[in-house]
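Structure first, commentary second.
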Amino acid sequence: MSEEIVAMTTLTAQKDRSITTVHTAFRTLEGDGFEVRRAIPAKAYEAIGPFIFLDHFGPIEFLPGEAKGASAHPHAGIETLTLLLEGRSIHKDSLGNMSVMQPGEVQWMRAGRGIIHDEGPDAEIQRTGGRNHGIQLWLNMPKGRKHDEPAYRHFTATEIPVVQGDKATARIVAGHVNGVKGPLESFGAPVVIHASLQAGGAITLETDARELALYTMTGAAVVAGQTVSPGELVRFGDGDTVTLSTDQDSEILLVGGDPLDAPIVRHGPFVMNTIDELERAVRDYYAGRMGVIA
């Protein structure tokens with residue numbers, strides 16, 4: 001049975017989700033000085049399901065020598081998830097991992113009790129220039145699991161299942177969508193969907209995520225009777241299905257899952273539940289207990 005038939009025959013829910021609120025991401029500098037649009041957190045919310053951070057970088061064309069990344073820095077108490085649409089990025093960490101991410105691939109890292117990583121464009125892009133475009137998400141780790149051992153995994157494009165629509169595809173990175181299960185499993189029942197629509201395309205996505213939001217990266221998403229422009233995030237109410245359509249080529253992200261289980265206490269790249277935990281993470285970092293990148 002084809003992917004398209006699977007997608008069509010597994011849609012059994014009756015209630016479409018409506019939009020409850022619309023928000024515009026703000027622009028800020030990240031890493032070594034590159035601009036991002038930050039859609040999570042915002043004044044109106046600190047999370048969407050387990051997702052406490054959404055940065056959208058690019059699409060941007062840079063000249064030789066202009067490409068910037070995020071040189072060695074720590075994380076603790078969270079997981080990071082990076083989706084690359086254009087460009088090539090190198091990941092290195094204090095566990096000894098090194099990998100090159102290509103367009104369509106995904107990198108997941110569990111910081112847990114603490115890890116150091118370095119992420120940035122590869123040497124060829126730094127030398128010759130090119131295009132860069134992607135998303136970085138942070139997933140909160142639940143109370144009692146903040147100090148789990150760090151871990152890392154690289155997902156190639158072929159590991160990510162695809163749901164077909166009408167002139168549209170949706171890559172299911174995490175969660176159950178239209179009877180398809182994404183490869184990433186983590187705390188908070190995360191749902192991550194990267195939808196690509198051509199002009200005139202449409203796709204219906206079914207998910208039981210308790211909280212769900214949509215972010216438009218490029219183009220425009222028409223959903224629940226509203227047009228969501230690039231840099232805008234919409235939050236949905238209860239329901240089971242979301243139908244997307246567009247009149248132009250578009251790249252769209254949906255994220256969601258279960259609400260958080262404990263307070264968030266942040267300090268830069270460290271996210272804990274209490275001040276004591278946060279202070280411990282800072283001490284561990286400066287004492288070198290999060291390791292080094294060889």
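Note that the numbering runs from 1 along the sequence shown for the chain.
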- Message: One pair to check against side-chain contact (heavy atoms from CB on, under 4.5 Å): Ile135 and Met217. What are the steps and the verdict?
- Response: CA-CA 9 Å; Ile135 290 280; Met217 294 179 281; 3.5 Å; yes
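- The CG atom of Leu212 sits 5.5 Å away from atom CG of Leu254, with the distance rounded to the nearest 0.5 Å.
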- Verdict with supporting geometry, Thr169 and Gln164, side-chain hydrogen bond (donor to acceptor under 3.5 Å, both in side chains): CA-CA 5 Å; Thr169 60; Gln164 301 286 345; 5.6 Å; no
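- The side-chain heavy atoms of Thr218 and Pro59, taken from C-beta on, include a pair separated by under 4.5 Å.
- A heavy-atom distance below 4.5 Å is not found between the side chains of Phe236 and Ile48.
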- Message: Set out, in order, the CA-CA distance, both residues' side-chain angles and the distance that settles side-chain contact (heavy atoms from CB on, under 4.5 Å) for Val192 and Val106, then state yes or no.
- Response: CA-CA 11 Å; Val192 180; Val106 172; over 6 Å; no
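- The backbone N or O of Gly239 lies less than 3.5 Å from a partner atom in the side chain of Arg17, making a donor-acceptor pair.
- Put simply, the side chain of Thr20 gets close to the backbone of Arg235: a donor and an acceptor are under 3.5 Å apart.
- Using a 4.0 Å cut-off between charged nitrogen and carboxylate oxygen, Arg289 and Asp284 count as a salt-bridge pair.
- Taking a 4.5 Å side-chain heavy-atom cut-off between Ile, Leu, Val, Met, Phe, Trp and Tyr, the cluster of Phe62 extends to Ile60, Ile125.
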- Decide yes or no on side-chain contact (heavy atoms from CB on, under 4.5 Å) for Ile264 and Ile52, but give the supporting numbers first. CA-CA 9 Å; Ile264 293 178; Ile52 58 173; 3.5 Å; yes
- Message: Between Leu214 and Leu233, is the side-chain contact (heavy atoms from CB on, under 4.5 Å) condition met? List the steps.
- Response: CA-CA 6 Å; Leu214 176 149; Leu233 179 145; over 6 Å; no
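- Hydrophobic cluster membership is shared by Ile275 and Val282, with clusters built from Ile, Leu, Val, Met, Phe, Trp and Tyr side chains linked at under 4.5 angstrom.
- The two residues Asp118 and Ser71 have their closest heavy-atom pair at OD2-CA, 3.4 Å.
- Listed here is the closest heavy atom pair of Leu84 and His133: CD1-O, 3.5 Å.
- Evaluation of the side chain to side chain contact (heavy atoms under 4.5 Å, CB included) rule for His147 yields Arg113, Met272, Glu277, Arg280 as partners, not counting sequence neighbours.
- Inter-residue side-chain proximity for Arg210 and Pro259 is flagged as met; some heavy-atom pair is nearer than 4.5 Å.
- Using a 4.5 Å heavy-atom threshold, the side chains of Ile252 and Leu244 count as touching.
- The pair Asp240-Lys15 does not count as a salt bridge, with every side-chain nitrogen at least 4.0 angstrom from each carboxylate oxygen.
- In this structure a side-chain-to-backbone donor-acceptor pair under 3.5 Å is present from Lys167 to Ala199.
- Atom CE of Met290 and atom NE2 of His117 lie 12.0 Å apart (nearest 0.5 Å).
- Atom CD of Glu251 is separated from atom OG of Ser196 by 3.5 Å, given to the nearest 0.5 angstrom.
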Give every donor-acceptor pair under 3.5 Å between a side-chain atom in residues 95-105 and any protein atom, sequence neighbours left out.
residue, atom, partner, partner atom, Å
Asn97, ND2, Asp93, OD1, 3.3
Asn97, ND2, Asp93, OD2, 3.0
Ser99, OG, Gln107, NE2, 3.0
Ser99, OG, Tyr152, OH, 2.5
Ser99, OG, His154, ND1, 3.3
Glu105, OE1, Gln102, N, 2.9
Glu105, OE1, His154, NE2, 2.8

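- One hydrophobic cluster holds both Tyr286 and Ile293 under the rule that ILVMFWY side chains link at heavy-atom gaps under 4.5 Å.
- Val223 is listed as a side-chain neighbour of Ile19, based on a closest heavy-atom distance under 4.5 Å.
- In this structure, Leu260 and Pro50 approach most closely via the heavy-atom pair CD2-CA, 4.0 Å.
- When side chains are defined from C-beta on, Ser94 counts as touching Ile115, because their heavy atoms get closer than 4.5 Å.
- Tracing side-chain contacts under 4.5 Å through hydrophobic residues (I, L, V, M, F, W, Y), one never reaches Val271 starting from Met141; they form parts of separate clusters.
- Between Tyr215 and His56, the distance from one ring center to the other falls under 6.0 angstrom.
- In terms of hydrophobic clustering, with Ile, Leu, Val, Met, Phe, Trp and Tyr side chains grouped at heavy-atom distances under 4.5 Å, Leu205 and Val191 are assigned to a common cluster.
- Partners of Thr246 according to the side chain to side chain contact (heavy atoms under 4.5 Å, CB included) rule, which considers only residues two or more places apart in sequence or in another chain, are Leu197, Ala220, Gln248, Ser250.
- With respect to the salt-bridge test (charged N to carboxylate O, under 4.0 angstrom), the residues Arg38 and Glu30 qualify.
- For residues 71-83, the set of pairs meeting the salt bridge (Lys or Arg N to Asp or Glu O under 4.0 Å) definition, not counting sequence neighbours, comprises Glu79-Arg110.
- Here the OG1 atom belonging to Thr204 is positioned 10.0 Å from the CG atom belonging to Asp166, to the nearest 0.5 angstrom.
- The side-chain heavy atoms of Ile116 and Val292, taken from C-beta on, include no pair separated by under 4.5 Å.
- Under 3.5 Å, the side chains of Thr82 and Gln136 contain a donor-acceptor pair of N or O atoms.
- In terms of heavy-atom proximity, Ala70 sits nearest to Phe34 at N-CE2, 4.2 Å.
- No donor-acceptor pair closer than 3.5 Å links the side chain of Glu279 to the backbone N or O of Asp276.
- Between Lys143 and Asp261, the shortest heavy-atom contact is N-OD2, 3.3 Å.
- Looking at Asn132, its side chain never comes within 3.5 Å of a backbone N or O of Gly58 through a donor-acceptor pair.
- Judged by distance alone, the side chain of Asn178 and the main-chain N or O of Glu206 form a donor-acceptor pair under 3.5 Å.
- In this structure Gln126 satisfies the side-chain hydrogen bond (donor to acceptor under 3.5 Å, both in side chains) test with no other residue, sequence neighbours excluded.
- When all heavy atoms of Val228 and Thr216 are compared, the pair lying nearest together is O-OG1, 3.0 Å.
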- Message: Pair Glu232, Arg37 - check salt bridge (charged side-chain N to carboxylate O under 4.0 Å, His left out), show working.
- Response: CA-CA 10 Å; Glu232 289 186 333; Arg37 292 180 178 181; over 6 Å; no
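- None of Thr80, Leu81, Leu54 except one satisfies the side-chain contact (heavy atoms from CB on, under 4.5 Å) rule with Trp138; the exception is Thr80.
- Separation of atoms CD (Glu46) and CZ (Phe53) is listed at 14.5 Å; rounding is to 0.5 Å.
- Hydrophobic cluster membership is shared by Leu139 and Tyr45, with clusters built from Ile, Leu, Val, Met, Phe, Trp and Tyr side chains linked at under 4.5 angstrom.
- Inter-residue side-chain proximity for Asp16 and Val242 is flagged as unmet; no heavy-atom pair is nearer than 4.5 Å.
- For the atom pair CZ (Phe187) and CD1 (Ile78), the distance works out to 13.0 Å, reported to the nearest 0.5 Å.
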